[in-house]
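Note that the numbering runs from 1 along the sequence shown for the chain.
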Amino acid sequence: MSEERTVVEHPDRNLAMELVRATEAAAIRAVPWIGRGDKNAADGAAVDAMRAFLGTVAFDGLIVIGEGEKDEAPMLFNGEHVGNGRGPACDIAVDPIDGTSLTAAGRPNALSVIAVSPRGTMFNPKDAFYMEKLVTGPDGIGVVSLEQSIGDNIRELAKAKQKDISEIVVAVLDRPRHDEAIEEIRAAGAGTRLMRDGDVAGGINAARWESRIDMCFGTGGTPEGVITACAIKALGGVIEGRLNPQSEEERSNCLAAGHDIDRIIRSEEFVTGDNTFFVGTGVTDGELLDGVRRKGPFIRTESVVLRSKTGTARRVIAEHKAEKWLESTRAADLV
């Protein structure tokens, strides 16, 4: 009599649960620079910590988006390979601190973020530093678009969410280039949430069901748009983008790189893979995440871990023994 065997299919790895150690390390290393007025020092400390931890992760990561070229800050550079080379081949976008100016000033909403997708699936924004972006949650699918005015988008989203227009809140970077859009948002009857920096957090909050923000709109960093898109893919919302060069030099470089600056980039074009990951750890307190805090003998971090394949969103609260961090001389020594 033959013995029947049950074949159990084990779930594949959630790579983000390993990557979160890198964003935690970057966030913690940035803490001494919060409110110190030196954004490059904060970014450099976060970069060093993130690079060290990424080297321990079992994957072959190719950095498609390495923040830093835009403002000559310290960086994990485009084309750099990270990971131990064993495991899946992935595209990776990193921003050791999204909101270096926020960190330097001691303001809220600074994050350390990583986004990952299968190799060859991530939009490469080479030479395109700025992009007009529109982000909402699932209620905005088939409802909002950059083809419409911001006023029309507000009115249509309010109908879809069955909310009065006066209850709609739109997050916008507080920049002179958005003065006209802010006037139009308010003229439509909606409210604004003006952000000093950190539009990754703004975009994610626009897609979270429990957030007070309904929409994120305006021109911000193109790299941040791709990173946000990885998170939105897991949350099930909408993101659209259109390259918006802020100088003639940037415009010329975009065209030379083969970009169509008039084309609207849809949600599915930012990241074409179906197994994307997003990891973010709070550096300073914000609506999305608490910042790094000292709790007695521990350093406390809060992170969000998102995966598109399963639609899973996790919050990770970690307590790191402070003396281990303080006595270590290299980020790679920290476990």
Side-chain angles (χ1 to χ4, degrees), residues 10-33 42-68 73-98 111-119 121-122 227 230-231 234 273 275-283 289 292 298-310 312 314-335:
H10 295 283
D12 57 354
R13 293 163 54 215
N14 187 340
L15 194 59
M17 296 304 293
E18 300 172 49
L19 294 170
V20 73
R21 296 172 64 245
T23 55
E24 289 171 347
I28 292 172
R29 284 300 189 189
V31 167
W33 299 102
D43 205 28
V47 165
D48 289 343
M50 180 174 283
R51 176 181 280 116
F53 271 88
L54 285 174
T56 70
V57 179
F59 77 138
D60 175 15
L62 176 66
I63 295 182
V64 175
I65 297 172
E67 186 68 4
M75 62 184 295
L76 282 150
F77 61 86
N78 294 342
E80 181 176 351
H81 280 266
V82 294
N84 63 14
R86 299 187 296 274
C90 300
D91 288 343
I92 180 168
V94 299
D95 199 346
I97 304 179
D98 177 46
L111 304 174
S112 177
V113 299
I114 296 174
V116 175
S117 67
R119 179 69 52 82
T121 62
M122 188 177 287
I227 291 170
C230 289
N275 191 22
T276 64
F277 302 92
F278 171 89
V279 182
T281 299
V283 177
L289 293 166
V292 180
F298 296 98
I299 299 171
R300 180 186 184 276
T301 58
E302 183 179 19
S303 306
V304 62
V305 176
L306 307 173
R307 186 184 188 188
S308 67
K309 184 175 182 179
T310 59
T312 304
R314 290 182 170 89
R315 284 189 178 268
V316 179
I317 307 294
E319 292 185 343
H320 314 264
K321 203 160 189 179
E323 65 182 49
K324 298 292 186 181
W325 283 87
L326 296 173
E327 72 188 13
S328 298
T329 58
R330 295 188 305 116
D333 292 333
L334 307 177
V335 180

Pairing residues for [X] by the side-chain contact (heavy atoms from CB on, under 4.5 Å) criterion, not counting sequence neighbours:
{"X": "Ala42", "result": "Trp33, Ile97, Thr103"}
{"X": "Val31", "result": "Ile34, Val292"}
{"X": "Ala231", "result": "Ile204, Phe278, Leu306"}

State, to 0.1 Å, how close [X] and [Y] come at their nearest heavy-atom pair, and which atoms those are.
{"X": "Gly282", "Y": "Leu111", "value": "CA-CD2, 4.0 Å"}
{"X": "Thr310", "Y": "Thr312", "value": "OG1-OG1, 2.7 Å"}
{"X": "Val113", "Y": "Gly280", "value": "CG1-CA, 4.0 Å"}
{"X": "Cys230", "Y": "Thr276", "value": "O-OG1, 3.5 Å"}
{"X": "Arg307", "Y": "Phe277", "value": "NE-CE2, 3.3 Å"}
{"X": "Leu15", "Y": "Cys90", "value": "CD2-SG, 4.1 Å"}

Practice task
Check step by step if side chain to side chain contact (heavy atoms under 4.5 Å, CB included) holds for Arg314 and Val20.
Solution key: CA-CA 11 Å; Arg314 290 182 170 89; Val20 73; over 6 Å; no
Practice task
Could you check Val82 against Val94 for side chain to side chain contact (heavy atoms under 4.5 Å, CB included), going step by step and ending with a plain yes or no?
Solution key: CA-CA 11 Å; Val82 294; Val94 299; over 6 Å; no
Problem - Residue list, salt bridge (charged side-chain N to carboxylate O under 4.0 Å, His left out) with Arg119, at least two apart or on another chain - result: Asp60, Asp91
Practice task
Name all residues meeting the salt bridge (charged side-chain N to carboxylate O under 4.0 Å, His left out) criterion together with Asp98; count only those two or more places apart in sequence or in a different chain, and write none if there are none.
Solution key: none
Handout entry: Residues His320, Ile28; criterion side chain to side chain contact (heavy atoms under 4.5 Å, CB included); working and verdict
Key = CA-CA 10 Å; His320 314 264; Ile28 292 172; 3.7 Å; yes
Problem - Check: Ser112 side chain, Pro96 main-chain N or O, donor-acceptor pair, under 3.5 Å - result: yes
Fill in the blank from the handout: Sequence neighbours excluded, the answer for side chain to side chain donor-acceptor pair (under 3.5 Å) partners of Thr23 is Thr281
